[in-house]
Number of protein chains: 2
Amino acid sequence: MARKPTGRRSTIYDIATAAETSASTVSLVLNGSWERYRIKKETAERILNTAKAKGYNTNLQARGLRLSRSSLVGMIIPHYRNRFFAGLAECFEAEARARGLTPIVVSTQRDAKTERSVVETMIAQQVECLIIAGVDDPDPLNVLCERATILCVNLDLPGEGAASVVTDNRAGAIELTTRLVSLVNGAGGDPARIRFVGGRQGEFATEERVAGFLAGLEQAGISAPKAEIERCGYRPGAARQAFERIAGEGPFPPGVFVNSITALEGFTAFLGSHRLAPPPVIACFDWDPFAAALPLPVIMLRQNVEALIAQSFAVVDSGVSERGRRIVVPPTLAVSPAVEADGEEAPSPPPGTNRKARKVDRDG
Amino acid sequence: MARKPTGRRSTIYDIATAAETSASTVSLVLNGSWERYRIKKETAERILNTAKAKGYNTNLQARGLRLSRSSLVGMIIPHYRNRFFAGLAECFEAEARARGLTPIVVSTQRDAKTERSVVETMIAQQVECLIIAGVDDPDPLNVLCERATILCVNLDLPGEGAASVVTDNRAGAIELTTRLVSLVNGAGGDPARIRFVGGRQGEFATEERVAGFLAGLEQAGISAPKAEIERCGYRPGAARQAFERIAGEGPFPPGVFVNSITALEGFTAFLGSHRLAPPPVIACFDWDPFAAALPLPVIMLRQNVEALIAQSFAVVDSGVSERGRRIVVPPTLAVSPAVEADGEEAPSPPPGTNRKARKVDRDG
DNA sequence: GTGAAAGCGCTAACAT
DNA sequence: ATGTTAGCGCTTTCAC
């Protein structure tokens, strides 16, 4: 069959002509299965050479069409603007590449319409699986995937339409609260005055963390009224106002449980106009290197993005995503220099945690 | 032609059978060109309905193969861990979606081998164009794209193998330096003692900013010796050490030009162990909301990610990416509350800047 | 107005 | 040991 080259990209037919052999032989050789098909080493080398010379590059759309396997894997996340989601994206990509798959990550800005249309596009592009991260209501997306018979996993915010991988928000919050109480005690403050600021009313992660916070206080022999919980949302400005309000109520609390990095950002803004001496102890359920470097006593809980992604791929690999199944991953503690200087011991690793040492090459 | 359904996804043939018509008619209708082909409204509606009922979803791999147009557009970036690259990724996605294209963003961790293999994979996936952001040496990648006849644009770090879109580092640094000098003067400090910290020796952006810094000082009637420039790299720890060194040399400088957010992170870490009163004025060529909220006098230069992406798409749209062409985009100034409180006026918008008001929905 | 047919680049079963 | 062939799902020209 005579084919004239479209544009300039060479196909296996071009290679076949140039190497004086057939397209199927070229295909076999290029896919490494030429040994199995006992193709002469000489022929194989000739093909490999001309392919290299012509700068041949497989057309994965054609291969995908033929094999009904695109080698595309998708993930949606709300955005890249904090370390948690940025980390999820990078880990997902690394894991996908390690498997010879092409990762497609798309941010959806927490907009349900965008989420839906992005998922539809990904399905149309024939992704082999989809990880749905940080979506408030993943159910309709899970339905979309199911109808297209593609496996999906909910990450961070769970849903009932597929398996979900989530951080152990409650246990993490208990641990964080316990340490916060102990630091406040150590500084001579009254732990009963500790406050909780940040997060969204009714949101899974927030409510779990509130529950953990209250449980942690109770374990320390402190009972706190619900009124003390300030679920002011995720905007820094709102958090700042919450802190202003708290400051207006009397002496500032000796410790605060800050839910999310944006709420902590609100706290630093608040600090700009209020000189607090001594500064309160901050426990933040979230992590950011800039915040961690602050000259403030702050302990942070960092979600284990590597484990979260590994577990998500494990579900996909297993071939089934049982509706409603929950896989829980513990977060890990990070302590600021300001706390370490105060004599806080290094945190002991939570049992069963994946503690791969990861050299993070920080750059601009 | 009889076809048995693979898996469960319906094809135009399934729709055709169910709607008692032919695959070509279904295709015409589904692509909206049925008016042009004067297909009966009744037929069209019947097809549309059965397509919806069957949850039909176009196979874009097949369409791409047929049309030699994948509707995929690619971008590579070093990582998502700062606001600049995160912003680039999000803008690129938004712009791509607005054009009905599927964005593929992949992070390459500043590793030349990864960069190369990711670009090869993207070419194999038939991306229609590629934006290469933050790559030290884009030349070999430009060659790869050229051989595959796909348009590419270098972003942030320029190269000679294609057109490049870059921030106006030099003019930005001059502006930043001028303001820094004026703030230092206003605080009664000696501007001749201002220092430059951060960045990588020989890197395009760093050298441009150093040149702008020196030019800015000169314009203010100050001549600074080259020895004062501390290109300590992008790791926060190295920056911190640089600050320790500077502190050891005598009274701390009244102002510092900090190149990159990681260097600023090093500065905050340094601040934890050194009480400086009054604090030095900080001018940072980079932007981060957390840093901007710090109770410190800091002015920041934010790269205009929207304009950078818009210009990159403009090159792609034009159909040619002239080797070596440079398109320059001015950055914009951001001033911390601590500076505003000191009576600093609001920055005037640089002329010709794309100043779309963008409501940034910050969340966790 | 609608259908038949060819072919995008690739793979794999089946011939030779 | 290698070539022939039949599609994967889609678009579009041409025929009826």
Side-chain angles (χ1 to χ4, degrees), chain A residues 1-17 19-47 51 54 56-71 123-126 128 148, chain B residues 1-17 19-47 51 54 56-71 123-126 128 148:
Chain A
M1 188 191 311
R3 300 195 181 208
K4 41 183 173 297
T6 343
R8 244 184 50 225
R9 247 119 135 180
S10 48
T11 72
I12 48 170
Y13 291 92
D14 301 332
I15 309 292
T17 307
E20 294 176 306
T21 176
S22 76
S24 49
T25 307
V26 174
S27 174
L28 256 18
V29 170
L30 259 25
N31 287 320
S33 42
W34 59 277
E35 280 274 291
R36 281 203 327 96
Y37 281 78
R38 342 175 239 178
I39 279 160
K40 251 193 294 187
K41 195 168 188 176
E42 190 190 280
T43 315
E45 274 168 0
R46 189 157 29 94
I47 288 172
K54 287 191 170 273
Y56 173 80
N57 205 308
T58 309
N59 182 330
L60 293 179
Q61 301 233 41
R63 171 186 288 172
L65 181 58
R66 179 62 239 243
L67 296 181
S68 301
R69 278 195 311 98
S70 64
S71 83
I123 292 174
Q125 293 286 0
Q126 312 296 110
E128 293 177 18
Chain B
M1 186 192 312
R3 300 193 179 208
K4 41 184 169 274
T6 343
R8 244 184 49 227
R9 248 118 134 180
S10 47
T11 72
I12 49 170
Y13 290 91
D14 302 331
I15 310 292
T17 307
E20 292 177 306
T21 177
S22 74
S24 44
T25 307
V26 172
S27 174
L28 258 18
V29 169
L30 258 26
N31 286 322
S33 42
W34 59 277
E35 281 273 291
R36 281 201 330 93
Y37 282 79
R38 325 174 258 181
I39 280 160
K40 253 193 295 186
K41 195 167 187 176
E42 189 191 280
T43 315
E45 275 168 359
R46 188 158 28 97
I47 289 172
K54 286 190 169 276
Y56 173 79
N57 206 309
T58 309
N59 182 329
L60 293 179
Q61 300 234 40
R63 172 185 288 172
L65 181 58
R66 178 63 239 245
L67 261 27
S68 300
R69 280 196 306 101
S70 64
S71 83
I123 292 174
Q125 293 285 359
Q126 312 295 111
E128 293 177 19

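Toward the 5′ end of DNA chain C lies the nearest nucleotide of B/R38, the other residue of the pair B/R38 and A/L65 mapping further downstream. When the nearest nucleotides of DNA chain D are assigned to A/A44 and B/R66 by heavy-atom distance, the more 5′-ward of the two goes with A/A44.
Taking atom CD of B/Q61 as the reference point, atom C1' of C/dG9 lies 12 Å away to the nearest angstrom. The distance between atom NZ of A/K41 and atom P of D/dT2, rounded to the nearest whole Å, is 14 Å. Taking atom CG of B/D14 as the reference point, atom C1' of D/dC10 lies 13 Å away to the nearest angstrom. Look at CG on A/N31: it is 13 Å from P on C/dA13, rounded to the nearest Å. Here D/dA1 presents its C1' atom at 12 Å from CD1 of A/I47, a figure rounded to the nearest Å. Between A/L60 atom CG and C/dG9 atom P there is a gap of 14 Å when expressed in whole angstrom units. Atom CD1 of B/I39 is separated from atom P of D/dT13 by 14 Å (rounded to the nearest Å). Whole-Å rounding puts the A/R69 CZ to D/dG9 C1' distance at 17 Å.
Close to C/dC10, at under 4.0 Å from its OP1 or OP2, lies no side-chain N or O of A/S27. Close to D/dC10, at under 4.0 Å from its OP1 or OP2, lies no side-chain N or O of B/T58. Look at B/T43 and you'll find a side-chain N or O under 4.0 angstrom from OP1 or OP2 of C/dT2. Distances shown here put every side-chain N or O of B/N59 at or beyond 4.0 Å from the OP1 or OP2 atom of D/dC8.
With values rounded to the nearest 0.5 angstrom, B/I12 atom CD1 is found 10.5 Å from B/T17 atom OG1.
Partners of B/L28 according to the side chain to side chain contact (heavy atoms under 4.5 Å, CB included) rule, which considers only residues two or more places apart in sequence or in another chain, are B/S33, B/Y37, B/I39. Partners of A/S24 under the side-chain hydrogen bond (donor to acceptor under 3.5 Å, both in side chains) rule, at least two apart in sequence or in another chain, are A/S22. Qualifying side chain to side chain contact (heavy atoms under 4.5 Å, CB included) partners for B/I47, counting only residues two or more places apart in sequence or in other chains: B/I15, B/A19, B/T21, B/T25, B/V26, B/V29, B/L30, B/T43. By the side chain to side chain contact (heavy atoms under 4.5 Å, CB included) test, B/I123 is found to be paired with A/R9, A/N57, B/V119, B/L144, B/A148, B/I150, residues two or more places apart in sequence or in another chain being considered. With sequence neighbours excluded, no residue forms a side chain to side chain contact (heavy atoms under 4.5 Å, CB included) with B/R66. With sequence neighbours excluded, the residues forming a side-chain hydrogen bond (donor to acceptor under 3.5 Å, both in side chains) with B/R63 are B/N31, listed by chain and number.
The shortest heavy-atom contact between A/E128 and A/S70 is OE2-N, 3.1 Å. Contact record, B/Y13 with B/A23: CE2-CB, 3.6 Å, taken as the closest heavy-atom pair.
Rounded to 10°, the angle separating the first-five-pair axis and the last-five-pair axis of the helix from C/dG1-D/dC16 to C/dT16-D/dA1 equals 50°.
Using a 4.5 Å heavy-atom threshold, the side chains of A/N59 and A/T11 count as separate.
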Could you go over nucleotides 3-5 of chain C and give all protein N or O partners under 3.5 Å, atom names and distances?
residue: C/dG3; atom: OP2; partner: B/T21; partner atom: OG1; Å: 2.5
residue: C/dG3; atom: OP2; partner: B/S22; partner atom: N; Å: 2.9
residue: C/dG3; atom: OP2; partner: B/S22; partner atom: OG; Å: 3.1
residue: C/dG3; atom: OP2; partner: B/T25; partner atom: OG1; Å: 2.8
residue: C/dG3; atom: N7; partner: B/S24; partner atom: OG; Å: 3.4
residue: C/dA4; atom: N6; partner: B/S24; partner atom: OG; Å: 3.3

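Contacts of B/I12 with the nucleic acid, taken as non-hydrogen atoms under 4.0 Å apart, include base atoms.
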